[in-house]
Each structure stands twice: as structure tokens, then as C-alpha cells.
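In listed order, ligands and their atoms are each counted from 1.
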Amino acid sequence: MFHISDRMTDTTVASLLEGRDAAGAGVLANVRFGTYGAGPTLAGGAVELPIHMTHGRQHEFTETWSAAQAVTTGRYEELVYAHDDERLFCAGYIPASGGYARDAERAYSHIFELTDQLGFPDLFRMWNYLGSINDPNESGMETYRDFCVGRAEAFAFHGKDMPAATGAGSLGDGLSFYLLSGRMGSATHIENPHQVPAYRYPVRYGPKAPSFARATYLAQAGGNGESQRLFISGTASIIGHETQHVGDVEAQCYVALSNIDQLISAANLERHDVRIKRDDLRFDAVKVYVRRSTDIPLVASRCARYFDDRETSIAYLNVDICRSDLLVEIEAIAS
Ligand code: 3HB
């Protein structure tokens, strides 16, 4: 179960990983999108992860990942985790230093050790929020590219499939990350036929390509009434591997939404052997990353129309995006 709570109203606006009612279920984690960031902690039997993602307290919100069964928590190396019988939530924080490659490789290696040891080997969603994402590190490499090097090395070394992901800027320092992992065979990764898979991007975007899939389908968990979910990665104005409409936020928004359409089209789902009906899909937990605050009203009007904001929670975050010519990036959960 999952919900986003607006700090002011504390209403549940979306739900994920259904099992029991939100009121009765344990909580795996609270991810606080707010005015400061820090490393993850365990509090009240759940993971707490504050990430500096909002410019003011009025925009703060919390993503709550709830459990369907009893929750077990723990720590492993720099990671803090919580799991029930079916899902593992894991989080970490790497302080800013001259570069991220080594630390990211180490953290992702620890993630794979942990997920394998605990029996949740199938990563189905990850988020990485980097301070100064488009700025150079001490060797002159862009921070995002530097991070991609370490993450790619860990995925390659451990032979892991790449799940849906978001990689965006934060307003703080360091790398805040969290991810979800499931039992063996629970995840199916999906690509968009109109986009080159990110992990095959040419070297002009960085020495190691970004390690993620365009979406991941999470199959129904056995016997507890949980329903299926499609996790849509941060999606932007990229066709093939190239940014479209540099400088034009409205056109970028249109291409990003068209990319989501392509990804979840009946033909694409069928191509990936995912048996859910496009027409039955409902969106939840939409997060929209907007580089320039002045673009938010326009982006919000386009997204509200596409997602039907009467039905769906949409959070707008004014942060940088992994590629410096991208102005908007959109993620969602469809079920
Ligand atoms: C990532 O590097 O994990 C990533 C970056 C994006 C969108 C999705 C995933 O800009």
C-alpha cells in the first residue's frame, strides 16, 4: 500500500501495494519530500527518509509505503530497510564529496547483497536524487554522469536487471536514494519502442549509460489480494536518445506524455507479455519534475488534463533534471 499525504491535509490520495486498509497496515517507509535532507533512520518500526526537494514547507508531502503483513526492519552497511512478506523497501544517503562513482558502486553492491540475502532479488523501482546534479565533480565530469558510472558498474558486476527509475536533482547535498524490491520473478521490465533503452545510450551522454528501464510491471503477489502495478520511470522529451524541443517546455511536456502513452499502449504491453488492459489503467502518485519554477503553471495544466487530476495526486517539484537540456520529467504508477 502506498499513499502520498499532503502535509497540510494529511489525506490519502493514492494507494499502492494493496493488502490491508491503510489504517490497519504497518508502514514500511515514509519518504518526506520537504525542506531538508538527511540519512535514513528507523523510527516507529519504519524507515524515515527526508529529502530536500521543496523550496517551502507549504509544498511538502510524504510518500508512505505501507505493508500488507508484519514488518521487519534492519540495517546493512549504509542501508536502512523494512520489509513484509512480499516487498522490501531500502534507502540510503551518500554525502557529497569530490565524486560519486565509487560510493554509488559500493552502495548499489550493498543493495544487491542485501536484496539477495533477504530473498527479494527483483528490484522493481528505484529513485536517486542528487544535489547539484548537472554540476561538474572535482574531475570535471557532470555529477549525474559520475553517479551513472558507479551504478552501472554495480549492475554489471552483479548481473542484475535494471528496473524503472527516476534520477533527478535535489535541493540539498549528496545522493538520497530509495528502492523497492520483490520476490524472484515478480518484475517485468518494459522499454519504449520510440526510445533507445537508456542503458544503450551512446557514450556522448557519459562514459557509462544510465542503468534503468522505462517501466517495470509488478505482478500480483500470491494470495493476499494485492493487485498489479506498472511503475513508470521518470519520462522526458527524448526520442531515440535525443532531447526534443530544447528550450520549449510545452513541446517537451507533450513529448514526455506521448512517451508515456507509447509505453503503456496495448501493443507495447502485449510485446512485453504484460497482461493488463490499457483502458483499465488508472494513474496514481504522479511526480513531475520541473526545472524552471515559472514553467510549473503550464506544465500543471497539461498534466492535469492528461492524468485527470480529479482522480490522481500530482506533485510538482521544482528541481533540476538529469540532462541539462530537459525542462520536465514525469513519473507515475498505473494500476
Ligand atoms: C536514472 O538515471 O535512474 C534516471 C534518470 C532519468 C529518468 C529516469 C531514470 O532522468
| field | F212: numbered ligand 1 atoms lying under 4.0 Å from its heavy atoms | value | 1 (C), 2 (O), 3 (O), 4 (C), 5 (C), 7 (C), 8 (C), 9 (C)
| task | Pull out every atom of ligand 1 sitting under 4.0 Å from any heavy atom of R151, numbered as shown with elements. | result | 1 (C), 2 (O), 3 (O)
| task | Any atoms of ligand 1 less than 4.0 Å from a non-hydrogen atom of G167? List them with their elements. | result | 1 (C), 3 (O), 4 (C), 5 (C), 6 (C), 7 (C), 8 (C), 9 (C), 10 (O)
| message | Please report whether the ring centroid of H272 lies less than 6.0 Å from that of Y217. | response | no
| query | For ligand 1, which atoms sit closer than 4.0 Å to a heavy atom of Y144? | reply | 1 (C), 2 (O), 4 (C), 5 (C)
| Step-by-step salt bridge (Lys or Arg N to Asp or Glu O under 4.0 Å) determination, E270 to R278 | CA-CA 10 Å; E270 203 173 306; R278 162 68 183 99; over 6 Å; no
| message | Please determine whether residues L114 and W65 belong to a single hydrophobic cluster, defined as Ile, Leu, Val, Met, Phe, Trp and Tyr linked transitively by side-chain heavy-atom distances below 4.5 Å. | response | no
| Test item: Q69 side-chain N/O and D85 main-chain N/O as donor-acceptor pair under 3.5 Å | yes
| Between F231 and F124, is the ring centre distance below 6.0 Å? | yes
| query | Is the closest heavy-atom distance from N128 to ligand 1 below 4.0 Å? | reply | no
| ligand 1 versus E329, non-hydrogen atoms closer than 4.0 Å: side chain, backbone, both, neither? | side chain
| task | Could you state whether I232 and Y306 fall into the same hydrophobic cluster, counting links through intermediate Ile, Leu, Val, Met, Phe, Trp or Tyr residues with side-chain heavy atoms under 4.5 angstrom apart? | result | yes
| note | shortest atom 8 (C) of ligand 1-to-protein heavy-atom contact is with A165 O, 3.1 Å
